[in-house]
Amino acid sequence: MDDQKINRTDIGELGEFGLIDRISSRFKLNRKDSLTGIGDDAAVLDYGGAPVIVTTDLLVEGIHFDLMYQPLKHLGYKAVIVNLSDICAMNAIPKHITVSIAISNRFSVEAIDELYEGIGMACNAYDVDLIGGDTTSSPKGLTISITAIGSVAADRIVYRSGAKPGDILCVTGDLGAAYLGLQILEREKQVYLAAPDMQPELSDKKYLIGRQLKPEARLESVRYFEKTGLLPTAMIDISDGLASDLMHICKASGTGAFIEEAHVPIHDEARTQAMEFRMDPITCALNGGEDYELLFTVSPKDLEKVRFMDSVYIIGEITPKSDGVTLHTSGGQILPITAQGWKHF
Ligand code: ADP
Ligand code: MG
């Protein structure tokens, strides 16, 4: 017994990223057609012709979603979107998905119909075909695993690793709203549990709740890049929060970066809600998750092309690694950014 105790490491000690590093250190890519494996938003495979881009995500009831406030149709839609977003983050076009579900007997056929209605809406909206999956029972709750497959010309793949000092840091939309939407839904859940007859007044929170329950993938940005020939030097989708995802770009690229607080886009509704919760709006933008905007870098020579993009914000710059990753506050301070991300364990 004592020996076993000595060898037991709590997963919380490694954290999510530490655990992924540990897994990836065991596996080398041995095949010539495996261009990129673990470590980016998606893997890149070369079967001749345009490379194939593959990503997968797992959503677990009670961890990633709560059916008390997430309608199944929205859940189905979102489960597809989070995968399409990772394909877009490679500058690729999503084309196919597989969907696997584990369901407990708490769910009816009609409930599963609702889930697939949402999945179908996302497939239609993004011109993606569902091509397979797996169905099994679960002792408790609902688990959804989706794999998305896409493709892009070899010379247009964008990795996390291509940013260079002097590159401009851009984001495709406002940040922090999805996190605040989640906080509102959590609060209303507690209110409901305490007093089920109370009707929540959420009409002025539509934007925030929408950002949490029905996110979109920024496929139109990928299409814009294709049309204009603009090629970002690095890209990632913001699923864990701006701070954490910028750190991924900087780590993979071997650079530092700074963000100008005053330039980080935050929706008015998000700003107001953050104040109401007595939170700093910039903290919500940096550390809130699930915005599913694209964070990308471009060479300074492409500045004009970026300026013409709809809803793209220039929020900072890539610097040498020795400068670290920092926030230039509106008050003139320079603060180090630490990746909080989400602590699953
Ligand atoms: P994202 O937030 O873009 O979905 P993740 O942080 O989930 O990315 O994953 C980072 C990288 O680690 C990806 O390349 C992913 O494929 C890989 N990865 C995550 N979990 C595992 C695992 N259990 N086994 C192998 N690779 C994994
Ligand atoms: Mg990603």
Side-chain angles (χ1 to χ4, degrees), residues 9 11-12 14-31 34-45 51-60 63-65 78-94 97-100 122 126 143-150 152 157-163 169-173 175 178-179 215-219 221-222 232 234-253 286-297 339-345:
T9 312
I11 288 178
L14 280 185
E16 180 187 355
F17 299 137
L19 185 62
I20 295 173
D21 283 346
R22 187 179 169 99
I23 294 168
S24 82
S25 68
R26 281 169 161 248
F27 292 88
K28 299 231 165 349
L29 296 178
N30 293 317
R31 300 178 53 88
S34 312
L35 296 189
T36 306
I38 300 172
D40 218 301
D41 290 287
V44 182
L45 311 174
V52 174
I53 315 294
V54 185
T55 184
T56 193
D57 253 301
L58 184 63
L59 300 181
V60 177
I63 304 283
H64 300 100
F65 59 88
K78 181 170 175 176
V80 176
I81 294 303
V82 302
N83 281 277
L84 304 189
S85 178
D86 275 324
I87 298 283
C88 291
M90 305 301 290
N91 202 33
I93 306 291
I97 56 166
T98 64
V99 177
S100 301
Y126 288 83
T143 298
I144 310 168
S145 167
I146 298 191
T147 296
I149 304 159
V152 59
I157 300 170
V158 178
Y159 296 98
R160 295 176 178 179
S161 57
L169 185 64
C170 311
V171 67
T172 52
L175 303 176
Y179 169 78
E216 301 291 347
R218 290 284 166 241
L219 182 57
S221 302
V222 175
M235 188 148 66
I236 188 169
D237 69 324
I238 302 185
S239 51
D240 293 340
L242 174 59
S244 173
D245 290 315
L246 174 59
M247 301 283 265
H248 284 313
I249 285 189
C250 290
K251 191 174 170 211
S253 298
L286 285 170
N287 298 321
E290 301 195 285
D291 296 307
Y292 299 106
E293 297 297 341
L294 294 173
L295 178 68
F296 64 96
T297 58
Q340 270 180 278
W342 292 115
K343 304 259 179 301
H344 293 301
F345 302 111

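Just so you know, ligand 1 is whichever comes first in the structure, and atom 1 is the first atom listed for that ligand.
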Could you report the tightest heavy-atom contact between Ile238 and Gly241, atom names first, then the distance? CG2-C, 3.6 Å
Sphere of radius 2.8 Å around the Mg ion (ligand 2) - protein N, O or S atoms inside: Asp41 OD1, Asp86 OD1, Asp237 OD1
Under the 4.0 Å line, does any protein heavy atom show up next to atom 20 (N) of ligand 1? yes
Just jot down the ligand 1 atoms closer than 4.0 angstrom to any heavy atom of Gly39, in number order. 11 (C), 13 (C), 14 (O)
Shortest non-hydrogen contact from Asp57 to Asn83? N-OD1, 3.2 Å
Any protein heavy atom sitting closer than 4.0 Å to atom 15 (C) of ligand 1? no
Look at the side chain of Asp240 and the backbone N and O of Asp245, then say whether any donor-acceptor pair between them is shorter than 3.5 Å. no
Could you check if a side-chain atom of Val152 sits within less than 4.5 angstrom of a side-chain atom of Ile93, using non-hydrogen atoms only? no
Could you tell me whether the side chain of Thr172 reaches within less than 4.5 Å of the side chain of Phe296, counting heavy atoms only? yes
Element-labelled atoms of ligand 1 that are located less than 4.0 Å from some non-hydrogen atom of Asp40: 11 (C), 13 (C), 14 (O)
In the protein, which heavy atom is nearest to atom 7 (O) of ligand 1, and how far is it? Glu16 OE2, 4.2 Å
Any donor-acceptor pair under 3.5 Å from Ser253 side chain to Cys250 backbone: no
Examine Ile20 against ligand 1 and note whether any of their N/O atoms are separated by less than 3.5 Å. no
Where is the tightest heavy-atom contact between Cys88 and Arg218, given as atom of each residue plus distance? SG-C, 4.2 Å
Looking only at protein heavy atoms, identify the closest one to atom 25 (C) of ligand 1 and say how far it is in Å. Ile38 CD1, 3.5 Å
Leu242 side chain reached by Val171 side chain, heavy atoms, under 4.5 Å: no
Between the side chain of Asp86 and the main-chain N/O of Thr56, is any donor-acceptor distance below 3.5 Å? no
Can you tell me if Tyr126 uses its side chain to pair, donor with acceptor, with the backbone of Ala217 under 3.5 Å? yes
For atom 6 (O) of ligand 1, the protein heavy atom that lies nearest, with its residue and separation: Phe17 CE2, 3.9 Å
Looking at atom 22 (C) of ligand 1, what's its closest protein heavy atom, distance included? Ile23 CD1, 4.0 Å
Do Met235 and Asn91 touch side chain to side chain, with heavy atoms closer than 4.5 Å? yes
Looking at atom 4 (O) of ligand 1, what's its closest protein heavy atom, distance included? Asp86 OD2, 3.1 Å
Looking only at heavy atoms, what is the nearest atom pair of Ala234 and Arg160, with distance? CB-O, 3.6 Å
Thr55, portion touching ligand 1 at heavy-atom distance under 4.0 Å: neither
Once you restrict to heavy atoms under 4.0 Å, what part of Arg160 touches ligand 1? Side chain, backbone, both or neither. side chain
From the list Leu84, Ile81, Thr55, side chain to side chain contact (heavy atoms under 4.5 Å, CB included) with Pro94 holds only for Leu84
Any N or O of Asp240 closer than 3.5 Å to N or O of ligand 1: no
Atom indices of ligand 1 within 4.0 angstrom of Ser239 heavy atoms, with elements: 2 (O)
